[in-house]
Protein chains: 2
Amino acid sequence: MTEGVPQQEREAAVEPAAGGGRGRSSEATRAAILRAARVRFAADGYDRATIRAIAADARIDPSMVMRYYGSKEGLFAAAAEFDLRLPDLSDVPTDRLGEALVSYFFTRWEGDATLPALLRTASTNPSGAERVRAIFATQLGTAVARMIADPTEAPRRAGLVASQLLGVALTRYVLRLPPMVDISPAELIAWLSPTIQRYLRAPIPG
Amino acid sequence: MTEGVPQQEREAAVEPAAGGGRGRSSEATRAAILRAARVRFAADGYDRATIRAIAADARIDPSMVMRYYGSKEGLFAAAAEFDLRLPDLSDVPTDRLGEALVSYFFTRWEGDATLPALLRTASTNPSGAERVRAIFATQLGTAVARMIADPTEAPRRAGLVASQLLGVALTRYVLRLPPMVDISPAELIAWLSPTIQRYLRAPIPG
DNA sequence: ACCGTATGCCAACGAGTGTTGACTTGCCAG
DNA sequence: CTGGCAAGTCAACACTCGTTGGCATACGGT
């Protein structure tokens, strides 16, 4: 009763015959494993997501996971390849950067369970936490740096932005606090935009 | 190399002889177990914190944990007994409620590792998540209800407040994003107070 | 002195984990 | 047709986990 994913209906549709020339379909199984791994890691986190369960979802033997990805850590590393895909916001008026960033993050997350997976894992797994640190330092940090005048303020402002956005992801997708689940994305965007806007552009308080 | 707590120096000082009348010191061991459990759960989360490790920290046999707390779930339930201890803010001017709440949460968290433990656990353990939901629905929800005019808005506003405050706890104490770790509590309070103030008191946007 | 009882330890069980190696199957080149 | 090779299966190993029951020990009351 602690399962995150129903046991039935695993890997419904598979590619009939992947393109390539030689070698039957090793790339297809590789992809199937990765897909199943993403779902399981997302639902259960690193520790509770077992290789056996992932293999069962992908309808292959657990040993194939080892053959293709070396170890559970290796599989997770491949599954958690994560690109925020932050768009270019250079033509957004500076007083609407907050709204643009919040709106984008929502369109990105509502259909992709990778971020909750990352949060779930990073909470208990040191290498998962390191990965989140790297993602936000490089991707969000550099994006924020382009939005502000003094680049030395970028890390601090990016940290504040992350604290609010990850807080929403945590309460809405992971903890599932009812008020945060029930609220509509539009209303949430309206509430959050001024916050992010201030973290990005307001003068440093003191 | 995945250990959260160094193996040495476990349970340094123990009460020489707890007060009571009969029965040597069962209450002392009970407390020692609970203390060690809090540390381990805080550092490692529910899954990675093993009963054997907790028992070793408390310098007793794993079976004693079962005797006193029935099961690992029971131990966690006892260890995660969590009271936000929100103070009475009824005499705070309404335009400084945000600052008061943020300041309080900081004095509460900086010396107490229970909240990170709860977050770490709730991320992967369903009953842990349920506990967080209950805590914030009852404790924070009712506190917020007393701060606003229309009580029907309380859950939504409390959810928003939780998203920011838990986001800070997550990024500062669990993920340890460098910018959020390095920033001083005073500066963090200055940044966060307007956010919380708005979530508490601003008219609903639309 | 004795005994009941609470306190604690020890060894073990059963289940589940990641991981490994040897075996079987089916395809394509020669 | 035949040999080689990649894809996949199977059973098992070594380990750790939560949990259990039996056994030792030392206290307090009588």
Side-chain angles (χ1 to χ4, degrees), chain A residues 1-4 7 11 14-15 17-34 36-37 40-41 44-79 121 124-125 127, chain B residues 1-4 7 11 14-15 17-34 36-37 40-41 44-79 121 124-125 127:
Chain A
M1 290 299 170
T2 335
E3 292 307 316
Q7 300 285 21
E11 211 39 54
V14 193
E15 285 86 322
R22 62 112 184 281
R24 233 189 1 157
S25 67
S26 87
E27 210 57 31
T29 23
R30 238 190 131 80
I33 293 174
L34 203 60
R40 279 287 176 183
F41 282 134
D44 303 340
Y46 186 84
D47 288 308
R48 295 176 110 87
T50 71
I51 286 200
R52 285 171 152 92
I54 291 169
D57 289 358
R59 300 185 142 290
I60 46 95
D61 192 88
S63 61
M64 300 307 302
V65 176
M66 310 306 296
R67 195 192 280 284
Y68 283 124
Y69 293 96
S71 69
K72 188 180 183 181
E73 281 266 359
L75 175 61
F76 175 73
T121 304
T124 51
N125 186 279
S127 81
Chain B
M1 290 299 170
T2 335
E3 291 307 316
Q7 300 285 20
E11 217 31 61
V14 194
E15 285 86 322
R22 61 112 180 283
R24 230 186 7 148
S25 65
S26 88
E27 209 57 32
T29 359
R30 242 190 126 80
I33 293 173
L34 203 60
R40 279 286 177 184
F41 281 134
D44 302 340
Y46 185 85
D47 288 309
R48 294 175 111 87
T50 70
I51 287 201
R52 285 173 153 92
I54 292 169
D57 288 357
R59 299 183 143 289
I60 45 95
D61 192 87
S63 62
M64 302 306 302
V65 176
M66 311 305 297
R67 195 192 281 280
Y68 283 124
Y69 293 96
S71 70
K72 188 181 183 181
E73 281 267 1
L75 174 62
F76 175 73
T121 303
T124 51
N125 186 277
S127 80

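A note on names: the letters A, B, ... follow the listed sequences, proteins ahead of strands, and every chain is numbered from 1. We use all heavy atoms of the structure for the numbers below, so side chains are in, but hydrogens, waters and symmetry mates are not. Just so we're clear, the structure is a prediction, and the values are computed from it rather than from any experiment.
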J.: Show the nearest heavy-atom pair for residues B/M66 and B/S71, with the distance to one decimal.
T.: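 Of all heavy-atom pairs spanning B/M66 and B/S71, the closest is CE-CA, 3.6 Å.
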J.: Rounded to the nearest angstrom, tell me the gap between atom CD1 in A/I60 and atom P in C/dT19.
T.: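 Atom CD1 in A/I60 sits about 14 Å away from atom P in C/dT19.
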J.: Would you indicate what A/T29 reaches in the nucleic acid, counting non-hydrogen atoms under 4.0 angstrom: base, sugar-phosphate, or nothing?
T.: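 Result for A/T29 = sugar-phosphate.
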J.: Hey, does the side chain of B/S26 come within less than 4.0 Å of C/dA6's phosphate (OP1/OP2), counting only N and O?
T.: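 No, no such contact exists.
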J.: Quick one: closest heavy-atom pair of B/R48 and A/T124, and the distance?
T.: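 Looking at all heavy atoms of both residues, the closest pair is CD-O, 3.4 Å.
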J.: What integer distance in Å separates B/I33:CD1 from D/dT19:C1'?
T.: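 Atom CD1 in B/I33 sits about 15 Å away from atom C1' in D/dT19.
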J.: Measuring from atom OH of A/Y68 to atom OG1 of A/T29, what distance do you get when rounded to the nearest 0.5 angstrom?
T.: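 Result: 4.0 Å between the selected atoms.
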J.: Which whole-number value in Å describes the distance from B/N125 CG to D/dG18 C1'?
T.: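 It works out to 15 Å between those atoms.
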J.: Please report, rounded to the nearest Å, how far the P atom of D/dC17 is from the CG atom of B/D44.
T.: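 To the nearest whole Å, that distance equals 11 Å.
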J.: Would you mind reading off the distance between B/M66 atom CE and C/dG8 atom P, rounded to a whole angstrom?
T.: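 So the CE-P distance, B/M66 to C/dG8, works out to 16 Å.
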J.: Taking side-chain contact (heavy atoms from CB on, under 4.5 Å) as the definition, give me every residue that meets it alongside A/A79, ordered by chain and number, with sequence neighbours left out.
T.: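 Once residues adjacent in sequence are excluded, the partners of A/A79 under the side-chain contact (heavy atoms from CB on, under 4.5 Å) criterion are A/L34, A/A37, A/R38, A/F41.
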J.: Could you work out, with side-chain contact (heavy atoms from CB on, under 4.5 Å) as the rule, every residue matching B/R52, not counting sequence neighbours?
T.: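 B/R52: side-chain contact (heavy atoms from CB on, under 4.5 Å) contacts with B/T50, B/P62.
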J.: Rounding to 10 degrees, work out the angle separating the end axes of the helix from C/dA1-D/dT30 to C/dG30-D/dC1 (five pairs an end).
T.: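 Answer for the end axes of this duplex: 10°.
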J.: Does A/R30 make a cation-pi contact with A/Y69 (under 6.0 Å, within 45 degrees of the axis)?
T.: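 Flagged: A/R30 positioned over aromatic ring of A/Y69.
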J.: Might you point out which heavy atoms bring A/E73 and A/S127 nearest each other, and give the distance in Å?
T.: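 Taking A/E73 first and A/S127 second, the nearest heavy atoms are OE1-OG, 3.5 Å.
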J.: Output the single nucleotide from D/dT19, D/dG8, C/dG8 whose closest atom is nearest the side chain of B/S71.
T.: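 Nearest nucleotide to the side chain: D/dT19.
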J.: Just the rounded figure in Å: distance from C1' of D/dT20 to CZ of B/R67.
T.: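 Interatomic distance, CZ of B/R67 to C1' of D/dT20: 11 Å.
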J.: Given atom CD1 of B/I54 and atom C1' of D/dC17, what is their separation to the nearest angstrom?
T.: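 Going from B/I54 (CD1) to D/dC17 (C1'), I get 12 Å.
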J.: Looking at every strand, decide which applies to B/Y69 at a 4.0 Å heavy-atom threshold: base, sugar-phosphate, or nothing.
T.: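 No contact at all - B/Y69 keeps every heavy atom at 4.0 Å or more from the nucleic acid.
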J.: I want to verify a distance call: between C/dC10, D/dG8, D/dT19, whose nearest atom is closest to the A/M64 side chain?
T.: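 When the side chain of A/M64 is considered, D/dG8 is the closest of C/dC10, D/dG8, D/dT19.
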J.: Please list each protein N or O that sits under 3.5 Å from an N or O in nucleotides 13-17 of chain C, with the distance.
T.:
none

J.: How many Å lie between CG on B/L75 and C1' on D/dC17, as a whole number?
T.: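 Atom-to-atom, B/L75 to D/dC17, this comes out as 15 Å.
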J.: Taking only residues two or more places apart in sequence or in another chain, which ones pass side-chain contact (heavy atoms from CB on, under 4.5 Å) with A/S63?
T.: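 By the side-chain contact (heavy atoms from CB on, under 4.5 Å) rule, A/S63 matches A/D61.
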J.: Is there a donor-acceptor contact under 3.5 Å from the side chain of A/K72 to the main chain of A/V65?
T.: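 No.
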